[in-house]
Number of protein chains: 2
Amino acid sequence: MIRVVLAEDQGMVRGALATLLNLEDDIEVVGEAADGDEALAVAVRTRPDVALLDIEMPGKDGITTAASLREALPDCRIVILTTFGRPGYLRRAMEAGASAFLVKDSPAQELAAAIRRVLAGERVIDPALAAAALSAGPNPLSPRERDVLAASADGSTIGDVAVRLHLSEGTVRNYLSSAIRKTSARNRIEAVQTAQRQGWL
Amino acid sequence: MIRVVLAEDQGMVRGALATLLNLEDDIEVVGEAADGDEALAVAVRTRPDVALLDIEMPGKDGITTAASLREALPDCRIVILTTFGRPGYLRRAMEAGASAFLVKDSPAQELAAAIRRVLAGERVIDPALAAAALSAGPNPLSPRERDVLAASADGSTIGDVAVRLHLSEGTVRNYLSSAIRKTSARNRIEAVQTAQRQGWL
DNA sequence: GACCGGGGATGACAAATGTCATCGTGAAGC
DNA sequence: GCTTCACGATGACATTTGTCATCCCCGGTC
């Protein structure tokens, strides 16, 4: 039996996926979690063969959880499941030690198939997505530019961001300006959207 | 047997939910769709007892689909399923003739339960969400304010919006200004976010 | 030692944004 | 008939945002 831990914040989706997997006669869901921290705790307790992690979760996201899990349980394979096939997500997931990267758009059968392939030592990545991630190149933003852009994403004014990050307003403007240039955007809103679409935040 | 049509754009979620429902011995999924138009076509063909519609779908969204379905098949009950429990969504879903409004956060068992209750003539709404929708009041934005705000949501400049909506730049600024005031926001970005959170766009 | 890149800051300037008063139109509503 | 309100527009004005040049400090690295 392949022992699986499933982390997904939406209860209905989590329940449905668990049912789906339990119907496979070589797969058994031995633990469920609604956020990253819970997933880590459950995995350490149940020592599964595979951890299925959603990226978009409150608190600790799936990619960060993957990195922690890699340290705690090096033998546990990690399958990342996400709504958004963003190039930066894929890149970071791979760096965090994931063995597979699935988008929820794909058919339901692929989930069990991916789990089996991962356990057989394969890596499972949508070829189109892999190509997109490679052609998009790495995140061009410096860490600080990324911070400032992320802090601007919620509609905060430059003054707000300056206070929150303990910077001068001029510095915030400078970082935003270079982030806008690097994302080929026309203003900060477009810059935020491009960065999010690429998975750079 | 309760005959159900399921519309949900994410293949993996759709498959899992269909499996979940088919396990119930009084429920049968007789059709699946990945967007609103497809859902309508499938429903007209299969004449189900209940249509389960996701709101967030490409093309025709679940609420619009509900309204069309209400006309085409007045006897078909409608269950709305959504990721976001936004007050405006609930309000519009009810106006479109939905019998139930479920958020994906809730446990998986509630789905089948809601379908049975709806078929028994009940309406199913999370009480907390209903209270939020009532206390939030109706959408304060005028139709045109809503248009302009929606057109600004993707980072377009005022000039872009003016061209797209065939308005003068000054008019766009005026509508944005009043939308900002009505949403108690400090700038257009906050206004967009508030409006989206409330389900006003 | 010279050079570069990232972080942080300042000042000046242009462009975009937000606010306000004001005007005109037409459709409802009392 | 009068009022109200959404729609559309103009002009003036203050504020915010975006750009650029320039400076300092520091840690690498050639």
Side-chain angles (χ1 to χ4, degrees), chain A residues 88 91-92 95 136-201, chain B residues 88 91-92 95 136-201:
Chain A
R91 184 177 297 261
R92 282 191 279 152
E95 284 167 4
N139 188 340
L141 302 174
S142 80
R144 217 57 181 135
E145 284 162 359
R146 187 197 144 282
D147 291 343
V148 171
L149 197 58
S152 308
D154 64 344
S156 296
T157 112
I158 286 183
D160 293 342
V161 176
V163 170
R164 206 170 338 146
L165 267 49
H166 307 292
L167 291 173
S168 88
E169 299 205 3
T171 304
V172 173
R173 282 220 294 271
N174 289 338
Y175 281 132
L176 272 181
S177 183
S178 75
I180 290 168
R181 185 161 24 80
K182 287 183 178 177
T183 51
S184 329
R186 286 177 304 170
N187 54 49
R188 112 181 61 168
I189 316 178
E190 279 192 356
V192 165
Q193 294 195 334
T194 301
Q196 283 176 340
R197 186 160 16 92
Q198 296 291 330
W200 289 339
L201 295 188
Chain B
R91 185 177 296 262
R92 281 191 280 151
E95 284 167 5
N139 188 341
L141 301 175
S142 81
R144 219 55 182 136
E145 284 162 0
R146 186 198 145 282
D147 291 343
V148 171
L149 197 57
S152 308
D154 64 344
S156 294
T157 118
I158 285 182
D160 293 342
V161 176
V163 170
R164 208 173 334 149
L165 266 49
H166 308 292
L167 291 173
S168 89
E169 299 205 4
T171 304
V172 172
R173 282 218 294 269
N174 288 339
Y175 281 131
L176 272 180
S177 184
S178 75
I180 290 168
R181 184 162 24 79
K182 287 182 178 177
T183 52
S184 329
R186 287 176 304 170
N187 54 49
R188 117 183 50 175
I189 316 177
E190 279 191 357
V192 166
Q193 295 196 333
T194 301
Q196 282 176 340
R197 186 159 15 90
Q198 297 291 330
W200 290 339
L201 295 188

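These numbers come from the heavy atoms of this one structure, side chains and all, not from hydrogens, waters or symmetry mates.
Using a 4.0 Å cut-off on heavy atoms, the residues of residues 143-169 of chain B that approach DNA chain D are B:Pro143, B:Arg144, B:Leu167, B:Ser168, listed by number.
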- Query: How far apart are the C-alpha atoms of B:Thr183 and B:Gln198, what are their side-chain angles, what is the distance that settles it, and do they pass the side chain to side chain contact (heavy atoms under 4.5 Å, CB included) test?
  - Reply: CA-CA 10 Å; B:Thr183 52; B:Gln198 297 291 330; over 6 Å; no
- Show your reasoning for whether side chain to side chain contact (heavy atoms under 4.5 Å, CB included) applies to A:Lys182 and A:Leu149. CA-CA 12 Å; A:Lys182 287 183 178 177; A:Leu149 197 58; over 6 Å; no
- Task: Check the pair B:Ile158 / B:Arg188 against side chain to side chain contact (heavy atoms under 4.5 Å, CB included), numbers first and verdict last.
- Result: CA-CA 11 Å; B:Ile158 285 182; B:Arg188 117 183 50 175; 3.9 Å; yes
- Does the side-chain hydrogen bond (donor to acceptor under 3.5 Å, both in side chains) test come out yes or no for B:Arg164 and B:Ser156, once each step is laid out? CA-CA 10 Å; B:Arg164 208 173 334 149; B:Ser156 294; 2.5 Å; yes
- Message: Using side chain to side chain contact (heavy atoms under 4.5 Å, CB included), reason through A:Asp147 and A:Leu165 one step at a time and then give a plain yes or no.
- Response: CA-CA 8 Å; A:Asp147 291 343; A:Leu165 267 49; 4.3 Å; yes
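No donor-acceptor pair under 3.5 Å is formed between the side chain of A:Glu190 and the backbone N or O of A:Ser184. Side chain of B:Arg146 to backbone of B:Asn139: no donor-acceptor contact under 3.5 angstrom is found. Judged by distance alone, with hydrogens and angles left aside, the side-chain atoms of B:Ser177 form no donor-acceptor pair with the main-chain N or O of B:Arg173 at under 3.5 Å.
Counting all heavy atoms, side chain and backbone alike, B:Ser142 lies closest to B:Glu145 at N-OE1, 2.9 Å. Residues B:Ile189 and A:Gly155 share a closest heavy-atom pair of CG2-CA, 3.6 Å.
Protein chain A touches strand DNA chain C; the 5'-most and 3'-most nucleotides with an atom under 4.0 angstrom of its non-hydrogen atoms are C:dG7 to C:dA12.
A:Arg186 places its CZ atom 12 Å from the P atom of D:dT19, with the value rounded to the nearest Å. One interatomic measurement links the two molecules: CG of B:Leu176 to P of D:dT16, which rounds to 17 Å at whole-angstrom precision. Rounded to an integer number of Å, the gap from B:Asn174 CG to D:dC5 P is 18 Å. Atom CZ in A:Arg173 sits about 14 Å away from atom C1' in D:dA21, given to the nearest Å.
In terms of position on DNA chain D, the residue among B:Ser142 and A:Arg181 whose nearest nucleotide sits closer to the 5' end is B:Ser142.
The bend of the helix from C:dG1-D:dC30 to C:dC30-D:dG1, defined by the angle between the axes of its first five and last five pairs, stands at 30° to the nearest 10°.
Taking only distance into account, the side chain of A:Asn187 never meets the base of D:dT16 through a donor-acceptor pair shorter than 3.5 Å.
Put simply, CZ on A:Arg186 and CG on B:Asp160 are 4.0 Å apart, with the number rounded to the nearest 0.5 Å.
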